[in-house]
Amino acid sequence: MADVPAALTRVMEELGRLPGIGPKTAQRLSFYILRTPRESVDRLASALVEVKARIRFCDECFFIAEAPRCAICLSTRRDRAVLCVVEEPLDVLAIERTGEYHGLYHVLHGALSPIDGVGPAELKIAELVARLRREPVSEVILATDPDMEGEATAAYLAEQLAPLGVKTTRLAHGLPVGGELEYADELTLARAFSGRRAF
Amino acid sequence: MFLANVSLFDFRNYAELELALERSATIFFGGNAQGKTNLLEAVALTALTRSPRTQQAGELVRFGQPTARVTCGVQSDAGLKELEVRISVSPSTTSRASRRFTLNGIPKRSTDMMGSLRVVLFWPDDLQLVKGPGEGRRRFLNTLVSQIDPEHARQLTRYGHLLEQRNALLRAIREGRQPMEGLDYWTNALADSGAAIMVERQRRLLELQPIAAAFHRELSDDRERLDLRYRPAGVRIGEAPQELVSEQLKVAMRDARDEEIGRGQTAVGPQRDDIEVWLDDHEARLFASQGQQRSAVLSLKLAELHYLAEVTGEQPVLLLDDVMSELDPARRERLLAALQPGPQALITAADLNDLPKSILERAAVFRVDQGAIHA
C-alpha cells in the first residue's frame, strides 16, 4: 500500500477505536471526511468537543445531564416514589419513548459480568442503596436486560435491597408485539406462558 | 428424513459443488486429502452447527477466501427444508470466524437449527468412545439429546456461559479483585441449569441402555452383557426431581468453596460427568480387549441411530467416515444390516474393496478427486 500521510492515518486509527467500526469502515469514513467541505467537518469536530465538555452524568441517577442533576430528576411532574433501575443510559431513552413510565431512574452503567471484570463495585449499586435510604421510594423496578448478566444483576440487587423493605419488582418477560407466535423462541414462549394474565 | 442435495461454496478444499443425492446409500471413494471427509463434515456442520473435527470455524473456509457456504436440502415428513450455514473470516482477525445460519432463508440462532437435520456420525475418532476420556462420551450424549430436543442444546449453551462466568468470578475472588458476595447468584443459576442437564441425561441414558445392550448381545453372540452407567459429578440422581438435584449441586459447591476458589474452577456439575460402559462385571474402558471395545462402540452407535429414529419417528442420516476399514467383516455386516431398509447413509472409503458387495450393488458411487466429485 502507498504511504498514507500521518494526519490521515491518525483519523483512521481514532475512528477505528469506536465500537462497531472495523478497519474498512474507518478507511471509508476517513476518506469521506477528506471529501467533505471544511464547515461540516468543523461542525462535527466542535460537536464532539462540546458533547464531552457539556454532557456529564447526573449525580442522582447517573443518566446523561447538562447540570449536576438531569432533566428527569429535576422535573416536577415525575412520580418520585417509583425508581426504575436500568443498565445503560440508552435504556432510559427506550423506556421514555414508551410514554408509559413517569417515575425516576437509576442507571447502573453495566451489568455483573465476572468475565469482563465487572462486579458490584464497578456498578452504581452502592449509590442506589444510599439513594433508597435517603429518598422515600415505595417501589423499585428492576429493568436490567433479560440475559444472564442482567438476570444476575437483578437477583443481586433484589438481595441487596431486601433489608431496606422497599417493594421490588422485575419487568415482565413475554412475546414481542406484532411478532408471530411461531417465530418466538421456546424460552420466550415458555416465559410468556408462565407470566400470562387474565384477559 | 434424507438429504436431497448438498451445495458447497469455498468450503475446505471445495471451490464449488452441487450434488443431488438419492435416498439410498451413497459411497464416496478416493485417495487421502481429496475431500471425502470434508463433504461429510459439511453435512455434520449443518446438522449440529459445529464441525465435529475442529473448534476453529475459520479452518472451514477455503484457503484465502472470505466466506464459506454450505446449503443442505432436507426432505422430511414436514416437507423440503433448506438449511444454510455461512462461515466468514474477517481479514483483520483471522482467529475469529463468524457463523450465520438460515432455515428456509430465515436467519436462525445456532440452537434453533438443531433438529432440522438429524445425523448420526461414525468417524474413526469414535473408536475411542469407550476407551477415551469422558469428554467423548459426554459429547456423544450431548449430540444425541440436542438433536431430539433443541431445548437441551439451549440449556447446554446456557450452562457453558454460566460456567465461564462463575469460573472467572472464582479466579477474581482468589486474586482479590472481586468480593465473595456475588458468588451465590452464579452458584444458584449454575446449579439450576446443571440439574436440568443431569436429569435429562439420566432419563435419556436409561432409555438408550436397553437398546445398546440388545445390539451388544447380538454382536457378542449372546456372550456379553453391556451396561451404561451414568456417573453425575457431585450428586446422586436416582429418582430425585430436578429441584433436589439442583439443591445437591448447590450444597456440593458450597462445601467445595475453598477448593474451588483455590483452583479457580467449578468442582462439580455436568462438565465433569461420565458415562461408564460396563461389560458384565468390568468397566470396558479399563478391562475390555480392543475387539470388545469396538463392539461396544458399534453397539452405542447403532443404539444412537435406533433411538433417534424411535423417538423422533424419522430416520436420521447416517454419516460413515472411513470406519468400514476399521471393522472386521462380521461387525461390518452388522453395521450394514442396520442400513436395510433403514436410513440414508453417506459413506466414505479410501478403497472400494473395504466395502461388501451387498452395499456396492445398491449404492450410488462417486469418486472424489481434488475437491470435485465424479459419478
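All values below were derived from every heavy atom in this structure, side-chain atoms included, with hydrogens, water molecules and symmetry-related copies excluded. Every chain is numbered from 1 and lettered A, B, ... according to where its sequence line falls, protein lines coming before strand lines. Owing to the predicted nature of the structure, the values given are computational and were not obtained by experimental measurement.
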Surrounding [atom1] of [X] (heavy atoms of other residues, nucleotides or ligands, distance under 6.0 Å), is the total greater than 12?
{"X": "B/D258", "atom1": "CG", "answer": "no"}
{"X": "B/E175", "atom1": "CD", "answer": "yes"}
{"X": "A/R80", "atom1": "CZ", "answer": "yes"}
{"X": "B/R50", "atom1": "CZ", "answer": "no"}
{"X": "B/E135", "atom1": "CD", "answer": "no"}
{"X": "A/R56", "atom1": "CZ", "answer": "yes"}
{"X": "A/R196", "atom1": "CZ", "answer": "no"}

NE2 on B/H161 to CD on A/E149, rounded to 0.5 Å: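 Rounded to the nearest 0.5 Å, the CD-NE2 separation comes to 3.5 Å.
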Return yes if some donor-acceptor pair links the side-chain N/O of B/E164 with the main-chain N/O of A/I115 below 3.5 Å, else return no.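 Flag not set: sc B/E164 to bb A/I115 has no pair under 3.5 Å.
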Please report the closest heavy-atom contact between B/Y185 and A/M148, naming both atoms and the distance.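 Answer, listing the atom of B/Y185 first, then A/M148: OH-O, 3.8 Å.
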Counting only non-hydrogen atoms closer than 4.5 Å, does [X] touch chain A with its backbone (N, CA, C, O), its side chain (CB onward), both, or neither?
{"X": "B/R166", "value": "neither"}
{"X": "B/Q178", "value": "side chain"}
{"X": "B/R154", "value": "side chain"}
{"X": "B/I106", "value": "side chain"}

Identify which of B/A168, B/P179, B/G182 forms the greatest number of heavy-atom pairs closer than 4.5 Å to chain A.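 Among B/A168, B/P179, B/G182, the one with the most close pairs to chain A is B/A168.
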Taking side chain as everything from C-beta outward and backbone as N, CA, C, O, which of these in A/E151 sits under 4.5 Å from a heavy atom of chain B? Side chain, backbone, both or neither.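 Interface part for A/E151: both.
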With a 4.5 Å limit on heavy-atom distance, are the side chains of A/E159 and B/E181 in contact?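 No, every pair of side-chain atoms sits at 4.5 Å or beyond.
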